[in-house]
Structure formats: structure tokens, C-alpha cells
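Scroll down for the structure; my scribbles are underneath it.
Nothing here was measured: the structure is a model prediction, and the numbers come from that model. The residues of the chain are indexed from 1 along the displayed sequence.
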Amino acid sequence: NYFFLKNNFNANAFIGGIYSRWHNRAGSKFEYGYRSLPGKVHQNIFQTEQTIFLPKNFAAKLGGSVISSTGETAKEWMLMGSLSVPAGNKIKIEPYYYLIHRIDNQHRLLLNLSYNFSAKNDLALGVYNGSEKSIKTNIKTNVFGLYAYSNFIITGPLAGMVIMRY
């Protein structure tokens, strides 16, 4: 989304998904999204994330996405890896690495600080830094930002998320 904001694109997106902890040591998330861009370009977004729960409350995540588009827009993909490190009973430190292919290969490093209020909601604060190639100038630049998000259980298997980015 940072890419679209920086390049003044109006990009309406809708994403939904499911998560299942199908084993005491593993969980899977699958998401599908639809994004509409200027010029009648429509994108289908397919994302997955696999979590391996390790001893002593550590966890490793691997995932990725593929975005297919109508029109002349090139196919995009992303690969992600992360390690969740406990820093107390309710706090986790989570470094992430993203390799994104949009116009060329781009990199992002993220650092989350996650706090679990309860089994039903959490709050994460983070910072990211990386590279990006502008579609207007074709010049690779540095990107930096801050974000906060909260997940919360609504009822049963239904959950919500609130995100704010700068």
C-alpha cells in the first residue's frame, strides 16, 4: 500500500482469509484479495503464511504472495520470513524480511514489537526500512515508515484488524 500512496494511485482493495492452527506445532493462513487500480486494471491477490511453533514460545513464519493483473501491468510476487522471539509473558520481538518483485527486486526489513492483552486481542507497533523503484522516475530510493495494528476476536472464528501506517 505504501507503493500506491507514494505514486498517487487510488487503489481500492478488499482482502479476506482464513487461519487454522491444524497441528500443535503448525498453523496456516490463506488470503484472497481484489484490488482495483486506475486505468481499469484489476488485480487478484493470493497470499499464504505458514507458522511453525517452536519450543520456549518461539515461532518461525514463512510466506508469500502472487498478484496477477489485467492489462499491461506485470505480475508481482513477494516472499517473507520472520522469527518471533519472546521478551516476557506478553511481549514478542519479531524481525521480518521481505523480498518483493514489482518493477524489480525490492527489499524490506520490519521490526515488530507485539503485546498480547489477552487471548482475544493484541497490539503491534513497528518500523520498516527498505528499497523501492519509482514507476515515475525509474530511480531506486529508500523507504521508511511506522505502523501499528491490532487484531481482535469478534465472536467464535470471526476476527477483525485495525491498521494505521505512516
Side-chain angles (χ1 to χ4, degrees), residues 1-6 11-35 43-69 75-102 104-132 142-166:
N1 289 335
Y2 174 83
F3 175 82
F4 297 114
L5 291 171
K6 186 174 179 180
N12 298 316
F14 302 94
I15 298 174
I18 60 171
Y19 172 81
S20 176
R21 187 164 178 173
W22 49 271
H23 188 272
N24 66 343
R25 291 280 180 211
S28 299
K29 179 170 65 172
F30 298 97
E31 296 176 337
Y32 168 77
Y34 173 82
R35 186 164 48 205
Q43 296 183 320
N44 292 297
I45 305 165
F46 302 94
Q47 299 182 127
T48 186
E49 181 179 286
Q50 309 306 310
T51 304
I52 311 282
F53 299 98
L54 303 169
K56 297 186 180 180
N57 220 10
F58 283 75
K61 294 180 185 178
L62 297 172
S65 66
V66 174
I67 301 174
S68 62
S69 302
K75 187 177 279 190
E76 302 174 30
W77 55 263
M78 179 271 301
L79 299 173
M80 176 274 293
S82 171
L83 182 64
S84 181
V85 178
N89 286 344
K90 296 185 176 214
I91 298 173
K92 291 185 179 185
I93 299 169
E94 301 171 320
Y96 286 80
Y97 173 75
Y98 288 85
L99 172 60
I100 304 163
H101 181 79
R102 184 170 290 121
D104 67 345
N105 289 340
Q106 303 167 18
H107 306 274
R108 301 272 195 292
L109 290 172
L110 282 79
L111 183 59
N112 262 359
L113 181 61
S114 180
Y115 181 79
N116 288 335
F117 290 101
S118 69
K120 293 189 172 192
N121 65 5
D122 63 14
L123 172 68
L125 303 173
V127 61
Y128 66 89
N129 191 27
S131 66
E132 180 173 85
N142 189 57
V143 294
F144 176 82
L146 304 171
Y147 61 91
Y149 68 87
S150 180
N151 295 301
F152 52 92
I153 302 294
I154 296 171
T155 180
L158 186 60
M161 177 185 274
V162 176
I163 300 174
M164 184 176 76
R165 295 184 177 131
Y166 172 76

*Scan side-chain atoms only and decide if Asn44 and Tyr32 contain a donor-acceptor pair under the 3.5 Å cut-off.*
yes

_Note, Phe30 side chain near Gln50 side chain (heavy atom, < 4.5 Å)_ = yes

*Find out whether Tyr96 and Leu83 are in side-chain contact, i.e. whether some heavy atom of one side chain is under 4.5 Å from a heavy atom of the other.*
no

*If you round to the nearest 0.5 Å, how far is CD1 of Ile67 from CD1 of Ile45?*
5.0 Å

_For a quick test of reading the model, state the closest non-hydrogen atom pair linking Ser68 to Phe46 and the distance between them._
OG-CE1, 4.4 Å

*Just checking, is any N or O donor in the side chain of Ser131 or Gln106 under 3.5 Å from an acceptor N or O on the other one?*
no

_Could you go through Phe144 and Tyr128, starting from their C-alpha distance and side-chain angles, then the distance that decides it, and tell me whether this counts as ring pair (Phe, Tyr, Trp, His ring centres under 6.0 Å)?_
CA-CA 6 Å; Phe144 176 82; Tyr128 66 89; 7.1 Å; no

*Between Asn129 and Asn142, do the side chains contain an N or O donor and an N or O acceptor separated by less than 3.5 Å?*
yes

_Main chain of Asp122, side chain of Asn116: is a donor-acceptor contact present, judged purely on distance under 3.5 Å?_
no

*Using distance alone, with no hydrogens and no angle criterion, decide if Tyr149 and Asn112 have a side-chain donor and acceptor under 3.5 Å apart.*
yes

*Rounded distance [0.5 Å steps], CG in Leu62 versus CG in Leu79*: 9.5 Å

*Do you see a donor-acceptor pair shorter than 3.5 Å between the side chains of Glu94 and Ser82?*
no

*Is Leu99 close to Trp77 at the side-chain level, that is, under 4.5 Å between some pair of heavy atoms?*
yes

*Report the distance from atom OG of Ser114 to atom NZ of Lys92, rounding to the nearest 0.5 Å.*
7.0 Å

*Can you name the nearest heavy-atom pair linking Ala59 to Thr51, along with the distance?*
CB-CG2, 4.2 Å

*Rounded to the nearest 0.5 Å, what's the gap from CD on Glu76 to NE2 on His101? Could you check?*
8.5 Å

_Could you measure the distance from the OH atom of Tyr97 to the CE atom of Met80? Nearest 0.5 Å is fine._
13.0 Å

*Looking at side-chain heavy atoms only, is the closest gap between Ile100 and Asn105 below 4.5 Å?*
no

*State whether the side chain of Ser28 and the backbone N or O of Glu49 hold a donor-acceptor pair below 3.5 Å, judged by distance alone.*
no

*Output the distance between atom CZ (Arg108) and atom CE (Met78), rounded to the nearest 0.5 Å.*
10.5 Å

*Is a side-chain N or O of Arg25 found less than 3.5 angstrom from the main chain of Phe53, in a donor-acceptor match?*
yes

*asked:* With heavy-atom distances below 4.5 Å as the criterion, would you say the side chains of Leu110 and Tyr147 are in contact?
replied: yes

*Return yes when atom CG of Asn24 has more than 12 non-hydrogen atoms of other residues, nucleotides or ligands closer than 6.0 Å, and no otherwise.*
yes

